[in-house]
Amino acid sequence: MMVLPGLLLAMLLAMLDNMIIGTAMPRIVGELGGLAHLSWVVTAYVLGTTVSTPIWGKIGDLYGRKTIFLTSILIFLVGSALCGMAGSDLLGGPHNGMGQLIAFRALQGLGAGGLMVNAFAIIGDLVPPRERGRYQGVMAAVMSLAMIAGPLVGGFITDHLNWRWAFYVNLPIGAVALLLLAARLHLPTYRTEHRIDWPGAGLLAVGITALVLITTWGGNEYAWRSAQILGLAALGVVSLGIFLAVERRAPEPILPLNLFANRNFSLISAIGFLLGFAMFGAINFLPLYQQTVQGASATNSGLLLLPMMASAMVVSLFVGRVITRTGRYKIFPVIGGVGMALGMWLLSLQDAHTSRLQTGLFIAVLGLGMGFLMQTTLLIAQNSVEQKDLGVSSSTATFFRSIGGSFGVSMFGAVFNHRFGTEIVHHLGAAGAKLSQGGARLDPAALKALPAPVRLGFLEAMATSVSTVFTWAIAFAVAVPVLAVLIKEVPLRGGPAAAGAGGQEPGTAERIEEPTAPAVR
């Protein structure tokens, strides 16, 4: 409890940043220009985060997590400060501002990759598995709260302050987190003879970068069969193939392949990928539906997500307490997968006339599924490995969820664009063909200016296209409970039942016996 506030503040940095920046984007482009490169502001951050996540987890396992965690926070804060100064007179003025912002967002992403994974790994270091559910439930609740508060804070900053404060707001939060963790967090610091697997890290970075660029550019910047996309696909396959060969021989692999010999770990990694694919890929279209079809403002669309986040928060806290009390966890990802599939099915029923109340009820069901799944998957991943691999197990679980979300956004974006182009022509004919080229960018004011029949046709095409995205998401969501049924429930150490069964957390003894210098606190 002395450390948890600092960990929660560090997590808020990563969660709030993404939610706040979205609302500030129009102002950023208005001052810095570079509309054609706007997507790179997001892509650079995603690349930095995804590439660095496995590396942060591994070096935390090798050298102790406190210094590594504080370093990741510092890098994130430096990146935030530089992002806020991009295009200012101090850095040469706005003519090169967008390029600076993209570069600084990549730096910020490198730091962000260590925030979430090390926060969860530190909880794993400090708390026995039987007790982790309670703390991870609190962390999940804070994540849900951040997802609600982010758009509201971003809306306030955009309306009343300069867009630069969307980045500067991270600085006081990060400073408090640094002070709390530096003073209160006491973990062993190791001096080891181990060396980081830099060749493996480099190959993984190249492969991940190629995959993220494919999902970002495919169907948008370049056609799926273009030389650029096919070249990236070849680069990704070759680099990841060599990566697997290198990891088999590396003494300290950045991603130990032997982890996947554990059935639970392999299953939970697959579940994390599907969770990210279905949930993050599809939820990305909820604000579009709420703002375009239901006429909500950008700030209000954040409030309209409250039922989903509130139900996820309540269920996460409940599940954490139940796991702590009983030591049982297998049933929760099964229930969560069913709840997520049911929520996706309900959202697929929406049309141009669905009320905000109905949508709120539908996303509340989806939030229930999220609450059963989000932290339970991480707990199972951590419980499936030895203590010495706790960081890399946390980073791998986060990595697969992130990659799944990236693929989901890309695929569902292609599904949406294809269906919208078909539907708008079906409803409006030749006029619809013109709207389909830029219709998705019509704001509510522009929509109101359209003739009533045209506006209705546009809204019906938009609603049908979004519902199609959720229909596709069902196919991935239903696979989650199927895989979850195959999980073998391994007793969690730290409670009477586990102790009575002679259970011990795998790898605890190995961590103590690891040859290191005396712990430095």
Side-chain angles (χ1 to χ4, degrees), residues 1-21 44-86 103-126 135-136 138-140 142-143 145-147 149-150 153 164-190 196 378 390-392 394-395 398-399 402 520-521:
M1 293 305 297
M2 297 291 287
V3 173
L4 191 61
L7 297 178
L8 295 178
L9 287 174
M11 290 174 58
L12 275 176
L13 288 174
M15 294 298 300
L16 281 175
D17 184 74
N18 273 332
M19 304 303 295
I20 291 175
I21 297 307
Y45 185 86
V46 171
L47 278 174
T49 303
T50 309
V51 166
S52 63
T53 293
I55 300 173
W56 283 117
K58 184 61 179 179
I59 61 178
D61 284 338
L62 289 177
Y63 301 119
R65 258 174 279 281
K66 178 175 180 178
T67 301
I68 300 302
F69 190 39
L70 296 180
T71 301
S72 68
I73 296 175
L74 279 173
I75 293 175
F76 182 86
L77 294 181
V78 170
S80 298
L82 291 173
C83 285
M85 293 188 290
F104 298 151
R105 282 285 282 171
L107 177 64
Q108 194 183 28
L110 289 175
L115 296 181
M116 299 290 286
V117 60
N118 280 309
F120 285 119
I122 287 171
I123 288 293
D125 279 335
L126 297 176
Y135 293 94
Q136 290 180 350
V138 173
M139 297 170 90
V142 171
M143 291 169 64
L145 182 63
M147 294 179 72
V153 174
R164 300 180 187 277
W165 280 97
F167 298 102
Y168 291 151
V169 72
N170 294 328
L171 302 182
I173 299 174
V176 174
L178 277 174
L179 291 174
L180 287 175
L181 293 170
R184 296 180 175 182
L185 179 60
H186 301 292
L187 294 173
T189 300
Y190 302 100
I196 298 175
L378 184 64
L390 194 65
V392 77
S394 303
S395 65
T398 306
F399 167 75
S402 175
V520 179
R521 292 188 177 274

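This one's a predicted model, so the numbers in the text were calculated from it and none came from an experiment. FYI, side chains are in, hydrogens and waters are out, and symmetry mates aren't considered; it's all heavy atoms of this structure.
- Smallest separation of non-hydrogen atoms from Ser80 and Leu171: CB-CD2, 4.4 Å.
- Heavy-atom minimum distance, Tyr168 versus Met85: OH-CG, 3.3 Å.
- With rounding to the nearest 0.5 angstrom, the CG atom of Asn170 is 11.5 Å from the CG atom of Leu9.
- In this structure, Ser52 and Gly113 approach most closely via the heavy-atom pair OG-CA, 3.5 Å.
- Taking all atoms of both residues into account, the shortest heavy-atom contact from Ser72 to Leu115 is OG-CD2, 3.8 Å.
- Here Ile73 contributes atom CD1 and Ile68 contributes atom CD1; the two are 12.0 Å apart, rounded to the nearest 0.5 Å.
- Closest approach of Leu107 and Gly79 over heavy atoms only: CD2-CA, 4.0 Å.
- The CD1 atom of Ile75 sits 12.0 Å away from atom CD of Gln108, with the distance rounded to the nearest 0.5 Å.
- At least one donor-acceptor pair closer than 3.5 Å links the side chain of Trp56 to the backbone N or O of Leu110.
- What you find for Phe104 and Ala86 is that their closest heavy atoms are CD1-CB, 4.2 Å.
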